[in-house]
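Notes to accompany the following structure.
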Amino acid sequence: MVERNKKLASLLDRIADFLELKGEVVYKVNAYRKAARVIEALTDDIEELVKSGEIDRVPGIGESIKGKILEFLRTGTIKKYEELKAEFPEELAELLVISNLGPKTLKVAYEKLGVRNLDDLIRVIENGSLAKLPGMGWKKVDNIRKGIELYLKGQRRMFLGEALEIANYVIENLKPFATSITYAGSLRRMKETIGDIDILATGNWMEIMNRFVSLHRVTDILAKGETKSSVMIGPVQVDLRVVKEDEWGSALQYFTGSKEHNIHLREIAKEKGLKLSEYGVFRIADNSKIAGRTEEDVYEAIGLCCIPPELREDRGEIERAMVGDLPKLVKYDEMKGDFHVHSNWSDGTSSIEDIAKMAEELGYEYVVISDHSKSMKIAHGLDGKRLLEQVEFIKKLNKKLKNVKILTSIEVDILPDGSLDLPDDVLKELDWVTASVHTRFNEDATFRIIRAIRNPYINSIGHPTGRLIFQRDSYPADWDRIFEEAKKYHVCMEINAQQDRLDLPDYLVKKAKDDYDLKFVIGTDAHHIGQMRSIFLGVAVARRGWLERENLLNTWSLEEVERFIKSVREEKLKLKL
DNA sequence: GCCGTTTTCGGCCCGACTGTTTTCAGTCG
């Protein structure tokens, strides 16, 4: 995420909060919110866009907000924000994230009861004065109390992999009783983290709902009805909805989202005299239903081709679907190899033979064994001598293997000065070389990565941002410069498929593809053969990054990959001369 | 505040639920 964009977005968000508290018209508030989302999603620094004049073409940013952006770039803040901050306590706006407590209620509590922060709010709930306000009552106050409890617990999102496991458990157990059943929401869009799980089914609602709430792993039943039930499975909320067969497509479309995608879609429907809801597509004129049974029907009725769930974030996919020009995304079942697996030669627990066997089982043509290099002492990293022993070992093993080839490799450490942890005369013996940063996560890594990219034997950068989801942010880095250099030196970006990495993240994948036409490799970074199965998480990131076959080496045959490696090495040696 | 092969003004996504209402406001997804 571009740091400056993030700061600007949060400032605009806060202005929206204050305006909402002030009672401004909702459209004005929404305009600021939308602009904040748009700016946050930009992969280019907002200052660059202003300089180049491209800012005028960014949807959702008009004269007024553009003026505030200029002001922000000039002064580091926005006068309107400072004024509003003088009018309302900042802490008050923060309370808006509490469920069941909206701006209207909060405004009245502030004006009539002097509520300025969470402590004040709890106090007026306890002493009953909030319930006495006009339009309020004990039930509303009770719901706000529940909202506060949730807020204090700090709702944790979960990894995509965790959510999929739970969703699949529910679906497997309900499948025998449903005509159709699948997961929807951010899970179906394969977002990197998931809040709660939405499952959609058709069939006999009573049977399905009964089975659902009595699943073994259910720890709490929150609600049970004809169309919607909610349970807790451990700390995770799972919602199940049962819909009619002829509403399956529109319901699936609606519940898959994203919200932004759906809003944009409905605007387009409206322009065409249509109305889109979870119940179907209707002609506004006579309220007749023209689609709803399948998602394809729904999109088609609005004049679009069906958009893969991973793209539904309103980042240009709707415009592309209107002209029938969606990317042909890589598919989950077309992976022909894994570019990053550790063996028991370093810190992995599986033998190279077992890794080969697993690769065969997964239907691969090749697997890249890349252990750690020597400076990773904790991981028993390989020095030059042991690495060359491993290369000899693999050469012999390859002669015995029939269906799969092991490519020799190393995950060589990029040292603090940008040099590599192994000499070139060792690296040149390998089929593939991945270079990764494993130290000094707080320092800007741009020059280190660029120096590594310029090495003639490097093929890819491993987990390029170094982030750990929920745990550690990316180190600061100038991705434009890195991608530019990677393009010049034919270096691929890894999409690391470990569930807590997913690195490169989807938005940078899209940027690297769109702006620099880079190539990518998915590596599971497996330390045990079981983890090789998680490659689908990497494919999900690739799809969310709009990748097609030509962008992703894993979809290529062994022959294509070897040809690519050979030509790239020749090119790079030429550059060196 | 943004936006325009219906427009430079007058619109702005759709529906459900809840609670406090006697016709609707607030909140949510």
Side-chain angles (χ1 to χ4, degrees), chain A residues 12-13 15-16 18-39 55-69 78 80 95-109 130-147 150 155 184-186 189 195-198 200 222-223 225-228 230 237 239 241 243 247 250-251 253-282 284 287 292 298 302-303 314 318 322:
Chain A
L12 294 175
D13 259 330
I15 291 177
F18 285 138
L19 290 176
E20 208 173 9
L21 278 174
K22 219 176 145 98
E24 271 286 359
V25 284
V26 65
Y27 303 114
K28 195 169 180 174
V29 174
N30 286 346
Y32 277 98
R33 290 254 154 81
K34 183 175 178 189
R37 295 289 77 75
V38 166
I39 289 165
I55 191 77
D56 293 322
R57 291 204 299 276
V58 178
I61 298 178
E63 275 313 301
S64 170
I65 290 182
K66 182 184 162 189
K68 292 184 172 66
I69 293 172
I78 298 170
K80 177 127 187 169
L95 299 182
L96 282 171
V97 302
I98 295 170
S99 288
N100 307 318
L101 175 67
K104 299 279 159 48
T105 310
L106 198 53
K107 183 179 195 235
V108 179
L130 187 63
K132 289 203 188 77
L133 290 175
M136 296 296 290
W138 67 269
K139 279 194 175 176
K140 275 192 176 180
V141 171
D142 210 45
N143 283 334
I144 294 170
R145 198 201 313 269
K146 282 178 189 155
L150 263 168
Q155 270 183 322
S186 53
R189 302 200 310 279
D196 50 22
I197 296 175
D198 288 305
L200 196 66
L222 303 175
E226 276 183 44
T227 60
K228 184 187 167 181
S230 297
Q237 181 170 338
D239 297 337
R241 290 181 168 83
V243 301
E247 291 167 356
S250 45
Q253 196 289 317
Y254 170 74
F255 287 114
T256 298
S258 65
K259 189 177 176 183
E260 290 74 18
H261 175 90
N262 284 357
I263 288 176
H264 193 165
L265 215 56
R266 288 167 186 184
E267 283 167 356
I268 288 170
K270 194 164 190 175
E271 281 166 21
K272 300 192 173 184
L274 302 170
K275 185 184 66 166
L276 169 63
S277 75
E278 59 260 55
Y279 303 109
V281 183
F282 302 84
I284 294 175
N287 208 30
V298 168
I302 304 168
D314 195 22
I318 291 175
M322 285 170 89

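These figures come from a predicted structure and were not determined experimentally. So that the names make sense, note that chain A is the first sequence line, chain B the second, and so on, each numbered from 1.
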Run the side-chain donor-acceptor check on residues 135-146 of chain A: report pairs under 3.5 Å with partners two or more places apart or on a different chain.
unit_1, atom_1, unit_2, atom_2, d
K140(A), NZ, G135(A), O, 3.3
D142(A), OD1, R145(A), NE, 3.3

Ignoring hydrogens and angles, write down the donor-acceptor pairs under 3.5 Å from the side chains of residues 268-280 of chain A, residues two or more places apart or on other chains.
unit_1, atom_1, unit_2, atom_2, d
K272(A), NZ, I302(A), O, 3.0
S277(A), OG, Y279(A), N, 3.1

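Evaluation of the side-chain hydrogen bond (donor to acceptor under 3.5 Å, both in side chains) rule for N30(A) yields no partner, not counting sequence neighbours. For S230(A), the side-chain hydrogen bond (donor to acceptor under 3.5 Å, both in side chains) partners at least two apart in sequence or on another chain are D239(A). For T256(A), the side-chain contact (heavy atoms from CB on, under 4.5 Å) test picks out A184(A), R188(A), R189(A), L252(A), E295(A), P309(A), R312(A), with sequence neighbours left out. Scored by the salt bridge (charged side-chain N to carboxylate O under 4.0 Å, His left out) test, D13(A) finds R33(A), R37(A) as partners (sequence neighbours excluded). For S99(A), there are no side-chain contact (heavy atoms from CB on, under 4.5 Å) partners at least two apart in sequence or on another chain.
Applying a 4.0 Å cut-off to non-hydrogen atoms, the residues of residues 29-39 of chain A that approach DNA chain B are A31(A), Y32(A), listed by residue number. Only K270(A), K275(A), L276(A), S277(A), listed by number, bring a heavy atom of residues 269-277 of chain A to less than 4.0 angstrom from any atom of DNA chain B. Residues from residues 135-147 of chain A placing a heavy atom under 4.0 Å of any atom in DNA chain B, listed by number, are G135(A), M136(A), G137(A), W138(A), K139(A), K140(A), N143(A).
Listed by first and then second residue, the salt bridge (charged side-chain N to carboxylate O under 4.0 Å, His left out) pairs that reach into residues 22-31 of chain A are K22(A)-E87(A), E24(A)-K28(A), sequence neighbours excluded.
On the nucleic acid side, DNA chain B contacts chain A at distances under 4.0 Å to non-hydrogen atoms, with the end points of that region at dG1(B) to dG29(B).
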